[in-house]
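Below is one structure, written out as structure tokens, with a few remarks after it.
The figures that follow rest on heavy atoms only: side chains count, while hydrogens, waters and symmetry mates do not.
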Amino acid sequence: MDILFLGIVIFLFLLAVFDLSVGVSNDAVNFLSSAVGSKAASFKRVMIVAAIGVFIGAAMSNGMMDVARHGIFHPENLSFYDVIAIFMAVMVTDIILLDVFNSLGMPTSTTVSMVFELLGASFVVALFKIAAPESTLAVGDLINTEKALSVILGIFLSVAIAFVFGTVVQFLTRLIFTFEYKSRLKWKVGLFGGVACTAIIYFMLLKGIKDLTIMTPELKAWINDNTMLILAVSLVSFTVLMQLLHFLKVNVFKVVVLLGTFSLAMAFAGNDLVNFVGVPLTSLASYQDYAANGGGDLHGFMMGSLNGPAQTPFYFLIGAGMIMVVSLATSKKARQVTQTTVGLSAQNQGDEMFGSSRISRSLVRGALNIFSWVSDHTPEGVKRRLAMRFDTSRQQNEDGAAFDLVRGSVNLMLAGMLIAWGTSMKLPLSTTFVTFMVAMGTSLADRAWGRESAVFRITGVISVIGGWFITAGVAFIGAGMVVCLMHLGGVPVMIAGGVIALTLLIRSNIRFNKKKKEETSDTLFQTILSTENQTEVWNLLRIYINEKERMFLNFGAAVYADVISGFADDNGKMLSKAEKALVTEKDVLKGQRRKLTLCLRRVTPQVAMEKSAWFHLSNNMAMSITYNLRRINEVCKEHVDNNFKPLPAEYHSTLDEIKNRVVELFVESEAAIDESNPEVIDELRRRCETIKQELSRHSREVYEHLQNGDPSDMTVAYVYLNLLQESRELVTALRKMLRASGKLNLAPSHYRSFSYTTN
């Protein structure tokens, strides 16, 4: 039995390797987004700086190992078996939870997930202990709720404080530097750099290196006693240094951003990411204590030894640091999570990652009303002054940057200051929440949330914040359910849980890589947005539109065939599959409309005027075809699900012929658009008219059957009639789509008028 539990401990270390990999992918957003978004350096150099910070923070940290040892539960009242079950449940739940968030591109808090998983698992084990007939224990004897309450308090404090401070500080900073900051530096940049670097050093002293192994009690006491002196010397020294660097043509803002990235990476690795090692290390310490005392009763040996301080072997920390660095350098999910924050804070409107929601629309409308009221009561001179300082048309971003270096510097400086201030005031501010909400506040102050992007950005922020709250709930419930199964099922269930977690993780990564391959077409969209030549933009845009039209026609042919076959064969599963595909396609078409509208803004006004009507007609007809298919599928699915009378045999050959004709029309339309052949497109439009006439004839035949046929066939006949009528509308929409595609493929003419009809 001892060997079996040693195997479980080793398995926990294996899970910890995956957990570290997933965790660093998630937390990369916190220390990479400002440097990546402002293009302070190449991505490779930013990763090198972050990797050095991560390695130093992990390798020299005692971290928060004590959280796993006695921060959530009272180990003296828990047995060796209880503790191992709790740790196994925590690791399994954490891997699945964080990987789901990473796959969705949503940043979450590793501290919250770990604490609430420990709390949920410990709570369920405590219920088992209390329910035992011989037990005299109460919940307070088993659970330490103080840590969980501090994390909950930290959520509310972090979100509100960070967002407000981010907005106010960035507003004042932009008043000083404006968007045309490169020509307004002079003596201001030295002082700004001095303040920023001093804030970052203060953050490193109080948060980043406070738990490093080199920090002896004497050194900590000296720093606490001389904090103001250290800050004063740092402010003077860094101000002089930054001013000298500016005179030497060194970009001070890039120095601040890279230094801030290093400090945040070190703090996250040393204080947050090292949590993942805490669980397997504590399980190893538990096993060593159990084995040293002769083993024996798994349920009778209590773990009071965990009340002592953690003594973390140095080589474990070195190994954790290496795993973090490798994961940071190779993880594609780390880049996706970073893109979420960068996308939500980008200065210019782009491809928005989130849709619109009712609450975001209400918030934007309320904000516009407040802004209008403030504007009406603000003197004209003040408004002119503010308009000059906040003229976004003069922004001086680095090539390809989502925002400028001024905002990137404020993001890192302010995040460090707030986290350090919260630490000194004993306020449990979450580093994850602070860094994200500061970025959102600074983007709001910089007017990055314009009227055409605000609802999407706010929906994204609400989604991320909601994800944090969901993390706590899901972590608590998930770990509780897993530990319940393990407590009842014993060691076999523990091993099965670990295997399932690894299997899901591997499967998730395979699906993630497949999804990224399917999204390669969006590189063309990014190329269009980054191309300056307007003629080249139109050529690329025409290729992009053709590609999307062909993809839709291929989709339409497949779904129409599935719907008709599902109805004819009385196959409900096929109709359910088609229903899901149509719901997804609706969102795809809405996203394409936003993307292509952005692209059309980059061509000449003459081309945009001439082509936009045809583009919108094409997109509208694609959406109309989707609605036709959904209406056909909805009626057919309801009929089949209710087990009503299937389609009579005499209709099968006719329906099969209709399906083949329409599917063939879709396929040939796809080929015609690919070849951009106007003659073939005109011929296909004439065929559409022929098919419409045939569908009308079949509809009249069904009407006659309804008047003279068997009443028992009326229900299925009405479904069949609906199918024919919607198919006719579908072909009509396809005909208009072909006309729009033909017009889009014509070379633009700036000197001739054009008429817009939908015939």
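- Checked against side chain to side chain donor-acceptor pair (under 3.5 Å), Tyr560 has the following partners two or more places apart in sequence or in another chain: Ser727.
- Side-chain atoms of Asn642 come within 3.5 Å of backbone atoms of Glu638 as a donor-acceptor pair (strictly under, hydrogens ignored).
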Using atom types as modelled, flag every donor-acceptor pair under 3.5 Å from a side chain in residues 620-628 to any protein atom, sequence neighbours excluded.
residue, atom, partner, partner atom, Å
Asn620, OD1, Arg593, NH2, 2.3
Asn620, ND2, His616, O, 3.1
Thr626, OG1, Ala622, O, 3.0
Asn628, ND2, Glu726, OE1, 3.0

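- In this structure, CD in Glu585 is found 8.0 Å from CE in Met551, a value given to the nearest 0.5 Å.
- Residues Arg661 and Glu664 are not paired through a salt bridge, judged by the lack of any N-O separation under 4.0 Å between the basic side chain and the carboxylate.
- With 3.5 Å as the limit, one finds no donor-acceptor pair spanning the side chains of Thr715 and Lys645.
- Taking the side chain as every heavy atom from C-beta outward, Lys736 and Thr732 approach each other to under 4.5 Å.
- Minimum heavy-atom separation, Ala557 to Val663: O-CG2, 3.8 Å.
- Of the possible polar contacts, one joining the Ser443 side chain to the Met440 backbone as a donor-acceptor pair under 3.5 Å is found.
- Between Gln725 atom CD and Ile632 atom CD1 the span is 10.5 Å, to the nearest 0.5 Å.
- Within the 3.5 Å criterion, the main-chain N or O of Met737 finds no donor-acceptor partner in the side chain of Ser741.
- The two residues Cys688 and Leu665 come nearest to each other via the heavy atoms SG-CD2, 3.6 Å.
- To the nearest 0.5 Å, atom OH of residue Tyr720 and atom CG of residue Asn722 are 12.5 Å apart.
- Of the possible polar contacts, one joining the Asn660 side chain to the Asp656 backbone as a donor-acceptor pair under 3.5 Å is found.
- Of the possible donor and acceptor atoms, none in the side chain of His698 sits under 3.5 Å from a partner among the backbone N and O of Leu724.
- The two residues Ala479 and Thr93 come nearest to each other via the heavy atoms CA-OG1, 3.4 Å.
- The shortest non-hydrogen separation linking Ala89 to Met486 is N-SD, 3.8 Å.
- With sequence neighbours left out, the side chain to side chain donor-acceptor pair (under 3.5 Å) criterion links Arg365 to no other residue.
- Here the side chain of Asn633 pairs a donor or acceptor atom with the backbone of Leu575 at under 3.5 angstrom.
- Residues that satisfy the salt bridge (charged side-chain N to carboxylate O under 4.0 Å, His left out) test with Arg358, not counting sequence neighbours, are absent from this structure.
- Remark: Glu679 CD to Asp682 CG distance equals 8.0 Å, nearest 0.5 Å.
- Remark: the Glu549 side chain and the Ser618 side chain contain an N/O donor-acceptor pair separated by less than 3.5 Å.
- Considering CG of Leu684 and CZ of Arg735, their distance stands at 11.5 Å, rounded to 0.5 Å.
- Looking at residues two or more places apart in sequence or on another chain, you find no ring-ring contact (aromatic ring centres under 6.0 Å, His included) involving Tyr703.
- Side chains of Leu695 and Val731 form a contact here, defined as non-hydrogen atoms less than 4.5 Å apart.
- Counting heavy atoms from C-beta on, the side chains of Phe567 and Val719 come closer than 4.5 Å.
- Around atom CD of Glu634, no more than 12 heavy atoms belonging to other residues, nucleotides or ligands sit under 6.0 Å away.
- For Ser576, there are no side chain to side chain donor-acceptor pair (under 3.5 Å) partners at least two apart in sequence or on another chain.
- What you find for Val680 and Ala672 is that their closest heavy atoms are CG1-CB, 3.6 Å.
- Side-chain contact between Leu723 and Ile564 is present, with at least one heavy-atom pair separated by less than 4.5 Å.
- Judged as a ring-ring contact (aromatic ring centres under 6.0 Å, His included), and not counting sequence neighbours, Phe666 has no contacts.
- Enclosure of atom NZ in Lys692 by more than 12 non-hydrogen atoms of other residues, nucleotides or ligands within 6.0 angstrom is indicated.
- Partners of Glu729 by salt bridge (charged side-chain N to carboxylate O under 4.0 Å, His left out), not counting sequence neighbours: none found.
- Atom CG in Asp94 sits 10.0 Å away from atom OG1 in Thr471 (nearest 0.5 Å).
- Here the closest heavy-atom approach between residue Ala578 and residue Val559 is recorded as CB-CG1, 4.3 Å.
- Remark: Glu701 engages Arg697 in a salt bridge, criterion side-chain N to carboxylate O under 4.0 Å.
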(Q) Assess the residue pair Leu97 and Glu117 against the criterion (side chain to side chain contact (heavy atoms under 4.5 Å, CB included)); give the C-alpha distance rounded to whole Å, side-chain angles, the decisive distance to 0.1 Å, and a yes or no. (A) CA-CA 10 Å; Leu97 180 64; Glu117 283 154 6; 3.6 Å; yes
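- Every residue two or more places apart in sequence or in another chain that forms a side chain to side chain donor-acceptor pair (under 3.5 Å) with Asp641 is listed here: Lys637.
- Without hydrogens or angle criteria, Asn571 side chain to Lys573 main chain gives a donor-acceptor distance under 3.5 Å.
- Every residue two or more places apart in sequence or in another chain that forms a salt bridge (charged side-chain N to carboxylate O under 4.0 Å, His left out) with Arg686 is listed here: Glu683.
- Partners of Arg630 according to the salt bridge (charged side-chain N to carboxylate O under 4.0 Å, His left out) rule, which considers only residues two or more places apart in sequence or in another chain, do not exist here.
- Between Leu582 and Phe555, some side-chain heavy-atom pair lies under the 4.5 Å cut-off.
- Looking at residues two or more places apart in sequence or on another chain, you find a side-chain contact (heavy atoms from CB on, under 4.5 Å) between Ile462 and Ile359, Leu363, Ile458.
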